Amino acid sequence: MKRNVVILDIDYVTYEEKPVIRLFSKDGDKNIILIDDSFKPYLYVVSDDINQCMDDIKGKFDTVEIEKVIKKDFQIEGEYLKVTFSHPQQLAKNRDTLRDLDSVIQIREFDIPFYRRYLMDKDIIPMTEVVATGDKIEKFMDIDSSKQDIEIIKLTQDLERVKEYPQNFRILSFDLEVRNPHGMPNSEEDEIIMIGIASNFGLNQVISTKTNSKNKDDFVNKVESEKAMIEEFVKIIKENNIDIIVGYNSDNFDFPYIKERAKILDVDLDIGMDGSDIKFIRRGYANAASFKGLIHVDLYLVMRRYMTLDRYTLERVYYELFGEEKIDVPGERIWEFWDNGGDELDTLFDYSLDDVISTLKIAEQTLPLNLELTRIIGQPLFDVSRMATGQQAEWFLVKQAYFDNEIVPNKQGSNFADRAAAEDNEGGYVKEPEKGLHENLVQFDFRSLYPSIIISKNISPDVMVMEDILNEEEYNISPEHGIKFKKDPQGFIPSVIDKILQERFRIKREMKSSTDPQEKIALNVQQQAIKRLANTMYGIYGFPRFRWYSFECAKAITSWGRQYIKSSIKKAEEYGFYTIYADTDGFYAKYEKNKK
């Protein structure tokens, strides 16, 4: 059978000692789980004696296959061993022993998570539509299609991409209010008094055990107990077939708190597509709340990465985005408003609803960019929304390396010397602004300055030359430091940035010629996502944990950047423009004919 579905989420489970990929998908209102047991984990081995190395590995490890392959390492083709294991756990268990063999120089791509490897190798883009071909089955492990109203399809062919994009997703925002008379809420003692929800399909309400005094209860859903409140919240998510649930600081507060209260009150938070409960998984330095097939996005984390503010409260972020003040109740007084009733209780209900409506508006403003980044990077929205911009750029490069037949470098570590060197980079040129009120300013701005420098000067570790050279005409040599880069061939990272910038310019041309307002909006989101990735590339060269880390590349980029800015400022001054402020990739000037 064939079925058009939208891929939302992915994981893998072990079934009959084999790893099985599960793709949580939807076809309209129908939940569909695609399963694929055909994929196996692998890594690459670098050796100066491939045949001896193959003999050393055979019979000593739980491998499925060992084969010689031709791959590129910084554009230089060579022969490597591709070692395939029966299970990701076997790969993890044996990689250190494998690395220690005398005939092994290095192992590569051993730290790419299995589900991410699957998405890259199969060229599957989460949050987009595919054609799934396979056999419909009734049960898989603890999932029963008839009991759980889920369709299960065991794939017999690779998924086929469908070009139509973007998709429309059902989004629900939520927020808890807690009675906290002793300061910070304590989940063992302090009850949840309100759960606010807002959606992009017209469902806006506050679930509570009280109602407001002015009969403004058109948005208040009154229930009998806190337990009934949580059960109603679960019911709403299930019955409305939510795709994306958003909160604000929900990884750190709302979901951990409701999980603890649900445990105390004996309520099942079985809102995963497979009927599973909430799980907390490590992402970066924090735990992230996860459901199978229901994507949770914590907007607090998103806004900290995409805005520079003095503080990141919901009120502050909302005002910055929309220029509007939202209703605010001091956190330490929420319990008083609840206990006092009357007008203060009414205000608390309004505040609770305003919180989730504001959160939804922020989601509608920011999710399109994150969905587009998900499409470009090719990793789950759950992960992408929690990645720093440098991580997003790195995973994009990992994906491009696969398609270019490049073997991915290992992370180089983050020792003290690396960090000290990274901090020693002078950075972009900055001229402090002249004090005072200035009129009739002209802005000089380089288009994509640093990405353009990387491309034009071919700045990449694979074409960098450290030794002395005979013919300088064959190299780009950086100012100040004299770092040398071959002009030919084009380096891996410049080639990738060149491709995505050309794609951005194509999209901008298409956006300019389009007469469809909705198409213009969608295209603008696409070009903004590409711009964000391209502008991130130059900075991560100097990050010691970046797979393509090169302090020399980082220094070269900024040295050329300073040269271009300073020479442009000098040229502008020859025409009577006096610079009053400069920062990294542009400057402001005013025309003062007699200024010297």
Side-chain angles (χ1 to χ4, degrees), residues 5-13 21-35 115 119 126-129 140-143 145 147-152 167-176 195-201 203 207 230-259 262 267-281 283 287-302 356 359-360 363-364 367 370-371 374 379-386:
V5 301
V6 175
I7 304 294
L8 296 178
D9 198 7
I10 181 173
D11 73 357
Y12 86 89
V13 293
I21 289 287
R22 300 192 301 179
L23 294 156
F24 298 90
S25 318
K26 286 189 178 178
D27 178 9
D29 291 336
K30 187 67 176 178
N31 292 335
I32 300 171
I33 298 178
L34 310 176
I35 61 173
Y115 70 95
L119 291 173
M127 313 307 289
T128 61
E129 187 175 349
F140 178 72
M141 298 181 71
D142 56 350
I143 304 171
S145 61
K147 292 180 181 178
Q148 295 168 278
D149 194 25
I150 292 176
E151 200 167 284
I152 308 169
Q167 302 291 330
N168 294 317
F169 297 105
R170 295 172 71 82
I171 305 169
L172 184 82
S173 70
F174 87 107
D175 183 64
L176 307 182
I195 303 178
I197 57 172
S199 72
N200 66 343
F201 50 88
L203 179 64
I207 313 167
I230 299 173
E231 289 173 338
E232 180 69 10
F233 174 62
V234 171
K235 179 183 175 185
I236 286 171
I237 293 172
K238 288 181 175 181
E239 290 185 349
N240 289 279
N241 203 26
I242 305 302
D243 300 315
I244 303 172
I245 187 164
V246 298
Y248 202 84
N249 200 30
S250 43
D251 270 342
N252 290 323
F253 176 71
D254 297 87
F255 271 129
Y257 203 93
I258 200 171
K259 182 177 177 64
V267 178
D268 288 330
L269 294 177
D270 54 343
I271 54 180
M273 186 181 291
D274 59 350
S276 60
D277 202 328
I278 184 172
K279 290 184 179 178
F280 291 92
I281 58 178
R283 286 292 180 270
N287 289 323
S290 170
F291 299 91
K292 300 300 181 187
L294 172 63
I295 303 163
H296 168 224
V297 176
D298 186 343
L299 293 172
Y300 172 75
L301 303 173
V302 173
V356 288
T359 301
L360 181 67
E364 291 175 326
L367 277 181
N370 280 272
L371 286 165
T374 296
Q379 294 299 327
L381 173 60
F382 177 84
D383 290 352
V384 169
S385 68
R386 289 167 174 81

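Computed from a predicted model, the values in this text were never measured in an experiment.
- For the pair Ile278 and Ile271, the minimum side-chain heavy-atom distance is 4.5 Å or more.
- Judged by distance alone, the side chain of Arg386 and the main-chain N or O of Leu301 form no donor-acceptor pair under 3.5 Å.
- Proximity of Leu367 to Val246: side-chain heavy atoms (C-beta onward) are separated by under 4.5 Å at one or more points.
- One finds the CG atom of Asp268 at 11.5 Å from the CD1 atom of Ile230 (value rounded to the nearest 0.5 Å).
- Contacts of Tyr257 classified as ring-ring contact (aromatic ring centres under 6.0 Å, His included), with partners at least two apart in sequence or in another chain: Phe253.
- Contacts of Lys292 classified as side chain to side chain donor-acceptor pair (under 3.5 Å), with partners at least two apart in sequence or in another chain: Asp11.
- Taking CG of Asp149 as the start and CE of Met273 as the end, the distance is 11.0 Å to the nearest 0.5 Å.
- A donor-acceptor contact shorter than 3.5 Å is absent between the side chain of Asp251 and the backbone of Asp298.
- Residues satisfying the salt bridge (charged side-chain N to carboxylate O under 4.0 Å, His left out) test with Asp277, not counting sequence neighbours, are none.
- Heavy-atom minimum distance, Lys30 versus Asn241: N-ND2, 4.5 Å.
- Partners of Asp9 by side-chain contact (heavy atoms from CB on, under 4.5 Å), not counting sequence neighbours, listed by chain and number: Phe24.
- Evaluation of the salt bridge (charged side-chain N to carboxylate O under 4.0 Å, His left out) rule for Lys26 yields Asp243 as partners, not counting sequence neighbours.
- Heavy-atom minimum distance, Ser173 versus Val356: OG-O, 2.7 Å.
- With sequence neighbours excluded, no residue forms a side chain to side chain donor-acceptor pair (under 3.5 Å) with Lys279.
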- Message: Set out, in order, the CA-CA distance, both residues' side-chain angles and the distance that settles side-chain contact (heavy atoms from CB on, under 4.5 Å) for Leu119 and Ile7, then state yes or no.
- Response: CA-CA 11 Å; Leu119 291 173; Ile7 304 294; 5.6 Å; no
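- Ile21 and Tyr12 get closest at one heavy-atom pair: CD1-CB, 4.0 Å.
- Residues Asn370 and Ser385 come closest through the heavy atom pair OD1-CA, 3.9 Å.
- Annotation: salt bridge (charged side-chain N to carboxylate O under 4.0 Å, His left out) contacts of Asp270 (sequence neighbours excluded): Lys238.
- Going from atom CD1 of Ile244 over to atom CD1 of Ile171 covers 5.0 Å, rounded to the nearest 0.5 Å.
- In this structure the side chain of Tyr115 never reaches within 4.5 angstrom of the side chain of Leu23, judged on heavy atoms.
- Atom CG in Leu172 sits 7.5 Å away from atom CD1 in Ile236 (nearest 0.5 Å).
- Smallest separation of non-hydrogen atoms from Phe169 and Val6: CE2-CG1, 3.9 Å.
- By the salt bridge (charged side-chain N to carboxylate O under 4.0 Å, His left out) test, Asp274 pairs with Arg22, sequence neighbours left out.
- No donor-acceptor pair closer than 3.5 Å links the side chain of Asp254 to the backbone N or O of Asp175.
- Qualifying side chain to side chain donor-acceptor pair (under 3.5 Å) partners for Ser250, counting only residues two or more places apart in sequence or in other chains: His296.
- Heavy atoms only, all atoms of each residue included: Leu8 and Gly293 are closest at CD1-O, 3.7 Å.
- For Tyr248, the ring-ring contact (aromatic ring centres under 6.0 Å, His included) partners at least two apart in sequence or on another chain are Tyr300.
- By the side chain to side chain donor-acceptor pair (under 3.5 Å) test, Glu231 pairs with no residue at all, sequence neighbours left out.
- The side-chain contact (heavy atoms from CB on, under 4.5 Å) check on Asn252 picks up Asn249, with sequence neighbours excluded.
- One distance of note links CD1 of Ile195 with CZ of Phe233; it measures 6.0 Å at 0.5 Å rounding.
- Residues Ile10 and Pro126 have side chains not in contact (no heavy-atom distance under 4.5 Å, counting atoms from C-beta outward).
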- Go through the steps for Phe291 and Phe382 under the test ring-ring contact (aromatic ring centres under 6.0 Å, His included), then give the verdict. CA-CA 10 Å; Phe291 299 91; Phe382 177 84; 9.5 Å; no
- Task: Evaluate the criterion side-chain contact (heavy atoms from CB on, under 4.5 Å) for residue pair Phe174 and Ile237; output intermediate values, then yes/no.
- Result: CA-CA 11 Å; Phe174 87 107; Ile237 293 172; over 6 Å; no
